[in-house]
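Every heavy atom of this structure was used, including side-chain atoms; hydrogens, water molecules and symmetry mates were not. Each residue takes its place number in the sequence, starting with 1.
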Amino acid sequence: MQCPTCQSEARKFGKDRRGNQRYQCQACRKTFSDRPARPLGEMRLPLDKALFCLNLLAEGNSVRATVRLSGVAKDTVIALLVNIGESCAAFLQGRLQAVEAHDVQCDEIWGFVAMKEKTRTRKQVAAEDVGDAYCFVGIERTSKLVLAWYLGKRDRVSTEAFLADVKASTRGRMQMSTDAFKPYRPAVNVVFGDQIDYAQIVKVYATKDDHRYSPGEVIGTEKTPCCGDPDPDKICTSHVERHNLSMRMQNRRLTRLTNAFSKKWANHEAALGFYMAVYNFVRPHGTLTKEAEDRVKTTPAMAAGLTDHPWTLLELVQAVSTQS
């Protein structure tokens, strides 16, 4: 053991009241303890209990359902989610840099915080952190890796910020496909210029039944090249739209027609950060298989070459605590 002050050799010097080994430097005579790492920071929740709560949240349980199943207080569960979620967002921002991507699909998924936008308008609420909250997601078609995500309003400012994150997380020229949301085209020109092959796709639906909640049957698509030379066969948003379903199934705050919506913008953003980290590094993807005889399922991070094995939730917590 080396002294953290002068880097000289230290000898054992008893233990502190918590049972941690103490050392004394043989040069400067300062004493210090060998304290174990604290993945949860200052939280006093036992690690095994915290992992159980995070597993419940990762499987789509609400905060109150997690409280009932784990016996942990509601405020503690929320504090744990915010703590880990913010660390996951910072971890992904640092880890997803210059990833090789050739075919990227982008879309935005609707959610809301505290109240829907119609109610916010009716009540004349001036706060910007309530109302509709759109999560922009960029996914690589082959590896299924979420390259970037951004929580904001459905406007040009949020679109440009999201595409800037996509650009920062990738390298080289790529093809991008989106829907016909109007701010995409000018935002792509601002962020990427002519260094991208970009196209939009619009799905044509049959006449919608007013009694149905879901859209009608898709009867055709319209593909529009917008920039560069996109491959017509790869103009598609089906994979990112399927990922939207996974987000709604595995994140209770995004489940439609429930009262499990987020009450605070920061909590909503933290929950999304936690989900994205679990999706990329922990949960094996059903369409990805490792090239081996046992055909082991792999995670998007493995398919993108960011890791060599599926992480456990404990590994993720330790990694994001080190990053933060």
- Item | Between R248 and T255, a side-chain donor and acceptor under 3.5 Å | no
Inset, instruction - Check whether the side chains of Q250 and R283 place a donor and an acceptor atom closer than 3.5 Å, and report yes or no. - result: yes
**Study point:** Pairing of K153 and E108 as salt bridge, 4.0 angstrom limit
**Key:** no
(message) Students often mix this up, so state it plainly: with edges at 30° and 60°, are the rings of H243 and Y275 parallel, tilted or perpendicular?
(response) tilted
Tracing side-chain contacts under 4.5 Å among Ile, Leu, Val, Met, Phe, Trp and Tyr outward from V190 reaches none
| query | For residues S246 and R242, is any side-chain donor paired with an opposing acceptor at under 3.5 Å? | reply | yes
### Query
If we only count heavy atoms from C-beta on, is the L51 to V317 side-chain gap below 4.5 Å?
yes
E241 and T237 side chains, donor-acceptor separation under 3.5 Å = yes
Salt bridge (charged side-chain N to carboxylate O under 4.0 Å, His left out) pairs touching residues 130-139, sequence neighbours excluded, are none
Fill in: E128/R120 salt bridge by N-O under 4.0 Å criterion
yes
Residues 173-199 vs ring-ring contact (aromatic ring centres under 6.0 Å, His included), sequence neighbours excluded, gives F181-Y184
Closest heavy-atom pair, A58 versus V278, reported as atoms and distance to 0.1 Å, is CB-CG1, 4.4 Å
ask   = Are K144 and E140 close enough for a salt bridge, meaning some N to O gap below 4.0 Å?
value = no
